[in-house]
There are 2 protein chains.
Amino acid sequence: MSAQASTQPRKIEIREANQALILEAAEKIFAMNGFRGAATSDIAREAGIPKANVHYYFKTKEDLYREVLRHILNDWMSAASTFEAHNDPAEALRTYVKAKMEFSRNRPYGSRVWAREIMSGAPVLEDFLGTTLKTWLRERSRIIRAWIREGKIKPVEPQALLYMIWATTQHYADFERQIIILNNGKKLSNRSYRQRTEQLVELVLGSVGLNGGVKGKGQCPKDKSA
Amino acid sequence: MSAQASTQPRKIEIREANQALILEAAEKIFAMNGFRGAATSDIAREAGIPKANVHYYFKTKEDLYREVLRHILNDWMSAASTFEAHNDPAEALRTYVKAKMEFSRNRPYGSRVWAREIMSGAPVLEDFLGTTLKTWLRERSRIIRAWIREGKIKPVEPQALLYMIWATTQHYADFERQIIILNNGKKLSNRSYRQRTEQLVELVLGSVGLNGGVKGKGQCPKDKSA
DNA sequence: GTCTATAATCTGATAGAC
DNA sequence: GTCTATCAGATTATAGAC
């Protein structure tokens with residue numbers, strides 16, 4: 001009891017501040033090089049903290065890696081939870097795509113750590129994928145099938161749709177470098193990114209037979225006899 | 001002269017066979033761990049060749065890595081070239097999505113090496129992205145804009161559409177492990193994969209206002225007053 | 001061309017003075 | 001709690017016998 005009660009606040013603050021610094025640096029370095037390719041010395045340098053202290057706060061590189069993934073999972077799941085904010089398919093899909101795009105914008109490193117972890121065979125995320133995510137996917141698929149049954153959207157395979165949304169939104173984080181190069185070396189501005197998000201929403205809505213707020217030309221297939 | 005003319009065929013065959021073995025192994029190991037995370041000893045073991053011989057055929061790890069990327073680029077580009085096989089948007093998009101999905105199925109390791117290279121800042125692919133790919137993207141965007149002008153497809157931002165196709169098709173290679181886990185630990189069968197490809201084609205066509213061969217319910221937006 | 005042995009460097013982790 | 005010094009093992013690459 002006394003140990004916990006009497007712990008000096010200042011020391012706790014230092015600890016938490018340093019841990020936060022290290023976690024942020026680690027996310028960036030793991031995003032850049034993956035678990036095996038990342039050196040703790042790189043993480044220490046990025047965090048501006050001596051390497052020995054990194055090992056003081058996180059016993060092993062793997063412990064640190066798991067902690068980084070845990071933080072990412074939290075934010076990923078909170079984006080995922082927006083899916084059921086609305087009953088209307090258009091609103092639900094729009095909200096979800098937006099949340100995923102915001103995650104990609106705000107946590108690009110986190111997204112890349114995730115991607116690298118999966119590409120390495122998901123040794124750490126395996127449990128999460130097989131339990132929480134699997135359940136999430138099953139429940140969301142059920143919702144989508146209900147929309148189809150009620151005639152609210154076109155008949156599509158729920159998994160194909162959800163994978164498309166995941167892949168496309170995460171692409172803006174994971175392939176940011178490629179997108180920048182193709183955009184003449186300039187990062188997408190906040191404005192461009194918001195527009196792109198809207199364009200994506202329209203594409204996704206169109207893919208299930210809904211057409212959001214397209215004003216211009218017809219959304220129904222034209223007679224395309226060229 | 002004599003040097004080249006008299007080179008023994010058998011030795012050349014050995015060289016080419018070993019180089020092919022090493023390249024194949026390297027693609028797999030680089031896909032798993034990225035450039036920095038991959039050890040040449042791992043590559044040698046995977047290829048069933050002594051480590052020293054790997055360095056005999058490829059002077060440095062970086063040389064080998066560049067060579068692996070070069071091979072991937074070739075195949076990537078030949079999938080890309082299918083885009084203009086048809087004038088009709090529906091046929092062009094269908095053919096392209098199929099080609100990309102086949103690439104993901106046949107070269108999953110290559111796809112992952114590419115993804116990791118980009119996530120590492122594209123140090124090697126930078127030139128290719130800024131020249132060949134940029135040109136490709138610009139020309140394909142022009143084609144898509146022409147389709148829109150001619151009223152053949154809905155007005156969409158070409159880049160948003162192409163990125164969606166890239167991201168989604170590559171997802172099936174890069175996130176294969178996740179897809180397997182979500183599929184109860186089973187890899188998608190050839191049949192499932194072909195079906196999924198068709199479902200994707202339908203989603204993509206729908207996203208630009210075309211509706212492929214959907215027989216069932218209406219493709220035009222229903223009155224969705226729930 | 002093959003492959004064992006080894007050089008030179010890097011990496012994760014810890015000890016121990018402050 | 002901080003940080004220099006250092007160890008043990010791994011990693012890239014090469015030398016040199018076969």
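Below, chain A is the first sequence line, B the second, and so on; all start at residue 1.
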Nearest-angstrom distance from the residue atom [atom1] of [X] to [atom2] of [N]:
{"X": "B:Phe58", "N": "D:dT12", "atom1": "CZ", "atom2": "P", "value": "16 Å"}
{"X": "B:Ile14", "N": "C:dG1", "atom1": "CD1", "atom2": "P", "value": "7 Å"}
{"X": "B:Ile43", "N": "D:dA10", "atom1": "CD1", "atom2": "P", "value": "18 Å"}

C:dT2 phosphate, OP1 or OP2: any side-chain N/O from B:Tyr57 under 4.0 angstrom?
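It does, given that an N or O in the side chain of B:Tyr57 lies less than 4.0 Å from OP1 or OP2 of C:dT2.
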Whether the side chain of [X] engages the backbone of [Y] through a donor-acceptor N/O pair (distance < 3.5 Å, no angle test) should be reported.
{"X": "B:Ser111", "Y": "B:Arg107", "value": "no"}
{"X": "B:Glu46", "Y": "B:Ile29", "value": "no"}
{"X": "B:Arg116", "Y": "B:Met32", "value": "yes"}
{"X": "A:Ser104", "Y": "A:Thr169", "value": "yes"}

Residues, nucleotides or ligands: over 12 heavy atoms within 6.0 Å of A:Asn87 CG:
no
How does protein reach along nucleotides 4-18 of chain C, written 5' to 3' as B (base within reach of a heavy atom under 4.0 Å), S (only sugar-phosphate), or - (no contact)?
B------SBBB----
Does a side-chain N-to-carboxylate-O contact under 4.0 Å join A:Glu139 and A:Arg142?
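No, A:Glu139 and A:Arg142 are not salt-bridged.
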Residues from residues 16-30 of chain A sitting under 4.0 Å of DNA chain D, heavy atoms only?
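Residues of residues 16-30 of chain A under 4.0 Å from DNA chain D: A:Asn18.
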Run the numbers on B:Tyr172 and B:Arg196 for side chain to side chain donor-acceptor pair (under 3.5 Å), then give the verdict.
CA-CA 10 Å; B:Tyr172 285 85; B:Arg196 179 52 55 90; 3.0 Å; yes
Would B:Arg105 pass as a cation-pi partner of B:Tyr193, given that its NZ or CZ must be under 6.0 Å from the six-membered ring centre and within 45 degrees of the axis?
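Ring-cation test returns yes.
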